[in-house]
Each structure stands twice: as C-alpha cells, then as structure tokens.
Amino acid sequence: MSHVLTREFFARDAVTLARDMLGKKLLRRHQGQVLGGIIVETEAYLGEDDTACHASRGCTPRTQVMYGSAGHYYVYLIYGMYHMLNIVTGEEGHPQAVLVRALRPVLGVEQMVALRGGVAEKQLCNGPGKLCQALAIDRSFNGLPVDGADLWLEDAPPVDDAHVSAGPRVGIGYASNKDQQRPWRFILHQR
DNA sequence: CACGCGATTTGG
DNA sequence: CAAATCGCGTGT
C-alpha cells in the first residue's frame, strides 16, 4: 500500500530529488476519476546561480513560489499554450524546483486520451506540456501544496541506477554553456 | 506602456 | 522547419 508523499519529502536538494522522484506516482482527481502514472523523466533547476532556472533573474511575481517552502507546485504557462508542472524543493529562500517531464500512463488512460484529443497512448504523457494537458493541470495549481486533494504524489520503491540515465537539460539555449551541460535531466528506462 | 521571447508541441 | 499564442521580464 503506497502512501502520499508529504511536503517534507521535497525539502532536499533538487538534483537528488529529481533522481529520487523517478518511479513515484503522480495522481490527479478529475471529474470523479483518478488519472495519472509513473514519473519517468525529470529535470532539476537549481537556484539563482543556475542560469537555466527562472529564479536566476531573482524573485519576481512568477518565481515567487520557488522562494517559498518545499512541496508546493510551481506551474507556469509557456509559448502561450502549454503548462509546465514543477515541484518546489530545498530550503525556503533557496529557489529550486523539479520539472516533471514525462509519465508512464497508468490510471484513467481513457480519460487522459480524451483530454489529449485522442492521441496514441505512447504520445499521451511523453512531454511536460503533454502530461499537463492529459491531467488537466493549469496555473490554478500554482502555489498549492503537493499533498492536496486533487493532485498528489504517492511513494513507490526506489528505482535501480541500472535503469536510470542522466543527461543535459532540454530547451535551455539561453543558459550559460556550463549550465547547459549540467547532467540534471533524469530518465527512467523500462520498469 | 511597448516590445521580445520562451524549461513546447504539432503539422508540413 | 515554422507557426501557435500570451504572460512575464526588461527597458523606456
């Protein structure tokens, strides 16, 4: 029987957490149904010194949530049409977050397919914008705690290193060369 | 207050 | 390879 991950779980370094979140379940209650799946891809964004992190420009209305306490969602809109789901990590005042980039669909697949406009299951949650669409996640979740009633995470056994790979983060061409190369993207292969 | 662009996805 | 589409950060 898996239990709900509490806010304290996220009060750690974002890189460690991005690795440890692989294999955990992200679940969403939507219109009386539970949707969600297993987290298979994440990225860590680590504070004001990380030029890829939104907080590298300081505390602004958008990044304010990241400066708060761990275990809260940071959700923002990008390209005018896609939402990105992050979880604030680390100590209060140290802006960090883990971006959830992909899920293996497990629960409420039929409903998620409908929310995604009928795409194939393989394309259902294999991207940060896609999974938000599949789980009906928008900015209304920004700032809410991770142990909420409508969107939460559940624990699962740690995944083995043999099934995990790390590499550079995607879509951050505006960051410094050094930060672009940091291996802070984590992928869980197979089961 | 105007301007430029992005932690993406999709279709051509 | 380029469009879609808008909130936010930056500079005037």
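Predicted, not measured: the structure shown is a model, and the values here were computed from it.
Distance A/L99 CG to B/dT8 P: 8 Å, rounded to the nearest Å. Between the OH atom of A/Y74 and the C1' atom of B/dG6 there is a distance of 11 Å, rounded to whole Å. Taking atom CZ of A/R101 as the reference point, atom C1' of B/dT9 lies 12 Å away to the nearest angstrom. In this structure, A/Y76 places its OH atom 7 Å from P of B/dT8, rounding to the nearest Å. Atoms CG (A/L131) and P (B/dT8) sit 12 Å apart, rounded to a whole Å.
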**OP:** Give DNA chain B the dot-bracket treatment, 5' to 3': Watson-Crick (N1-N3 with N6-O4 or O6-N4) or G-U (N1-O2, O6-N3) under 3.5 Å, [ ] crossing, | other strand.
**Re:** ||||||.||||.
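Note on A/D161 versus A/R19: salt bridge recorded, some NZ/NE/NH1/NH2 to OD/OE distance being below 4.0 Å. For the pair A/E154 and A/K24, the salt-bridge criterion is not met [side-chain N within less than 4.0 Å of a carboxylate O]. Taking 4.0 Å as the cut-off between side-chain N and carboxylate O, A/E43 and A/R101 count as a salt-bridged pair.
Side-chain atoms of A/Y67 come within 3.5 Å of backbone N or O of A/C59 as a donor-acceptor pair. Between the A/R116 side chain and the A/L135 main chain, no donor and acceptor come within less than 3.5 Å of each other. Without hydrogens or angle criteria, A/T63 side chain to A/G58 main chain gives a donor-acceptor distance under 3.5 Å.
Counting heavy atoms of neighbouring residues, nucleotides and ligands inside a 6.0 Å radius, atom CG of A/D49 does not exceed 12 of them.
By the 4.5 Å heavy-atom criterion applied to side chains, A/S165 and A/H189 are counted as neighbours.
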**OP:** Spell out protein contact along nucleotides 7-12 of chain C as letters: B when the base is contacted, S when just the sugar-phosphate is, - when no protein heavy atom is under 4.0 Å; keep the 5' to 3' order.
**Re:** SSSS--
Distances for protein N or O near nucleotides 10-12 of chain B N or O, under 3.5 Å:
unit_1, atom_1, unit_2, atom_2, d
B/dT10, OP1, A/R116, NH1, 2.8
B/dT10, OP1, A/R116, NH2, 3.0
B/dT10, OP2, A/K130, NZ, 3.4

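Across all strands, A/M81 comes closer than 4.0 Å to base atoms (heavy-atom distances). Within 4.0 Å of A/I172, counting heavy atoms only, lie sugar-phosphate atoms of the nucleic acid but no base atom.
Ring to ring, A/Y76 and A/H54 are close: their centroids are under 6.0 angstrom apart.
Annotation: cation-pi pair A/R12/A/F9 present, NZ/CZ under 6.0 Å from the ring centroid and within 45° of its normal.
Looking only at atom types and distance, the side chain of A/D147 has no donor-acceptor partner in the side chain of A/T6 under 3.5 Å away.
Nucleotides C/dT5 and B/dA2 have their P atoms positioned 22 Å apart, rounded to a whole Å.
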